[in-house]
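Lettering follows sequence order; numbering is per chain, from 1.
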There are 2 protein chains.
Amino acid sequence: MLSIGTLAKRTGTKVQTIRYYEQIGLMPEPGRSAGGQRRYGALELDRLAFIRHSRQLGFSLEAIRELQDLSDSPERSCAQVDAVAQKQLHEVEARIARLEALRVELKRMIGECRADRVANCRILEVLRDHEECLSDHDRPGS
Amino acid sequence: MLSIGTLAKRTGTKVQTIRYYEQIGLMPEPGRSAGGQRRYGALELDRLAFIRHSRQLGFSLEAIRELQDLSDSPERSCAQVDAVAQKQLHEVEARIARLEALRVELKRMIGECRADRVANCRILEVLRDHEECLSDHDRPGS
DNA sequence: GCTTGAAGCTACAGTGGCTGTAGGTCGTAT
DNA sequence: ATACGACCTACAGCCACTGTAGCTTCAAGC
Ligand SMILES: [Zn+2]
Ligand SMILES: [Zn+2]
Ligand SMILES: [Zn+2]
Ligand SMILES: [Zn+2]
């Protein structure tokens, strides 16, 4: 039986994160010691490892919930699992494309600056006026 | 003089977002109509356009605050502006590298799945065990 | 001048995925 | 028996917004 701290160390997770996963129903409520402290077994260790690895691959907690549910019906076709992964791949590719466009624009901006005074800094000029840009980049953020 | 709604339309911003920028001190407190509604001029329009364009290029609100402050000292060297942009470029490049690794791993996972049953779905196997992966990808998220 | 409906106002809660803190309790080694 | 680290709950905070409720103001049409 593992304490929450030991489980945390074994999976590279913070203690609070494990409690958070329990709170949102992603991790099951574990057994407790006589004094009320959480005690975990191998099952929970595997489950948390699955969650963490999926997070590292960029899956949302919602997607992970879906994958876990699917994983509990071993006889079903894995088409839905594959669909979740495909969707994740598309999202990653879309983000890459967007960031790649930003990269080009930033690099151009920086390359055009003659390292002079703020008054005629090319970077600020571009930031003030999107007309100076070559690509679109409608949605803010990354 | 522009109402907040007109300013929002002109800059492709939501009304609430403008009020939020004011709340956190990124946009100045504007004048008000007799009835207490916000009224904006060309200065505020420019300022908001700068914020929005910087956001589209992925700068954080904190970085934008810094860029605005620098922009107010036109005689200074633009080295600091360039440094902010460089840092942003590095962050974008780091994120691309990370996402690229995820992309490869996801694609491999999906490619190896023989579209059978959940019980032996390759995708779930990889998610259960990072040993199946080729790359590291320590930090969760994207 | 009056009505009406869109647009504005404040204040606050919620998003995702955690992270940090305060103030108390439990477990275990000595 | 005591000390101290690990645990507990509950809640606030992060980023950059977005949405809602319940009200007030503005502007166009008559
Ligand atoms: Zn410059
Ligand atoms: Zn642009
Ligand atoms: Zn499969
Ligand atoms: Zn892996």
Would you indicate what A/Ile4 reaches in the nucleic acid, counting non-hydrogen atoms under 4.0 angstrom: base, sugar-phosphate, or nothing? sugar-phosphate
Between CD1 of A/Ile18 and P of D/dC8 the distance, given in whole Å, is 10 Å
Any A/Ser33 side-chain nitrogen or oxygen under 4.0 Å from OP1 or OP2 of C/dG27: yes
Specify the residue among A/Ala34 and A/Ser60 whose closest nucleotide of DNA chain C lies further upstream toward the 5′ end. A/Ser60
For B/Tyr21 and D/dC17, is the shortest distance between a side-chain N/O and OP1 or OP2 below 4.0 Å? yes
Check for me, please, whether B/Val15 and B/Ile24 land in the same ILVMFWY cluster - side-chain distances under 4.5 Å, paths through other members count. yes
Show the nearest heavy-atom pair for residues A/Val118 and B/Ser73, with the distance to one decimal. CB-O, 3.4 Å
Separation of D/dA16 C1' from A/Arg139 CZ (nearest whole Å): 16 Å
Measuring to OP1 and OP2 of D/dT9, would you say a side-chain N or O of A/Arg32 lies under 4.0 angstrom away? yes
Under a 4.0 Å heavy-atom cutoff, the residues of residues 46-59 of chain B touching DNA chain C are none
Taken to the nearest whole Å, CD1/B/Ile24 to P/D/dA16 is 8 Å
What is the distance, to the nearest angstrom, from the CD atom on A/Gln23 to the P atom on C/dG20? 16 Å
So, does B/Tyr20 get its side chain near the phosphate of D/dC15, meaning an N or O under 4.0 Å from OP1 or OP2? no
Any A/Arg38 side-chain N or O less than 4.0 Å from OP1/OP2 of D/dT9: yes
Reckon B/Lys14 has a side-chain N or O less than 4.0 Å from the OP1 or OP2 of D/dG19? yes
Does B/Gln16 get its side chain close enough to the base of D/dG19, under 3.5 Å, for a donor-acceptor pair? yes
Mind calculating the distance between CD (A/Glu22) and C1' (C/dT19) to the nearest angstrom? 17 Å
Scan side-chain atoms only and decide if B/Arg10 and B/Tyr40 contain a donor-acceptor pair under the 3.5 Å cut-off. no
Find the distance B/Glu62:CD to D/dA16:P and express it as a whole number of Å. 8 Å
What is the distance from CD of B/Glu29 to P of C/dC9, rounded to the nearest Å? 13 Å
Rounded to the nearest 0.5 Å, what's the gap from NZ on B/Lys107 to CD1 on B/Ile110? Could you check? 9.0 Å
From the options D/dC7, C/dC9, C/dC18, select the nucleotide whose nearest atom is closest to the side chain of B/Gln37. C/dC9
Between B/Arg55 and B/Ser60, is any side-chain donor less than 3.5 angstrom from a side-chain acceptor? no
Does the plane of the ring in A/His53 sit parallel, tilted or perpendicular to the ring in B/His130? Use 30° and 60° as the thresholds. perpendicular
Is B/Thr17 close enough to D/dA16 that one of its side-chain N or O atoms is under 4.0 Å from OP1 or OP2 there? no
With side-chain hydrogen bond (donor to acceptor under 3.5 Å, both in side chains) as the criterion, how do A/Arg52 and A/Tyr21 come out once you've worked through the C-alpha distance, each side chain's angles and the decisive distance to 0.1 Å? CA-CA 11 Å; A/Arg52 287 270 99 192; A/Tyr21 289 159; 2.6 Å; yes
Hydrogens and angles aside, do A/Arg38 and A/Ser33 bring a side-chain donor and acceptor to less than 3.5 Å of each other? no
Without decimals, in angstroms, what is the distance between A/Leu61 CG and C/dT15 P? 13 Å
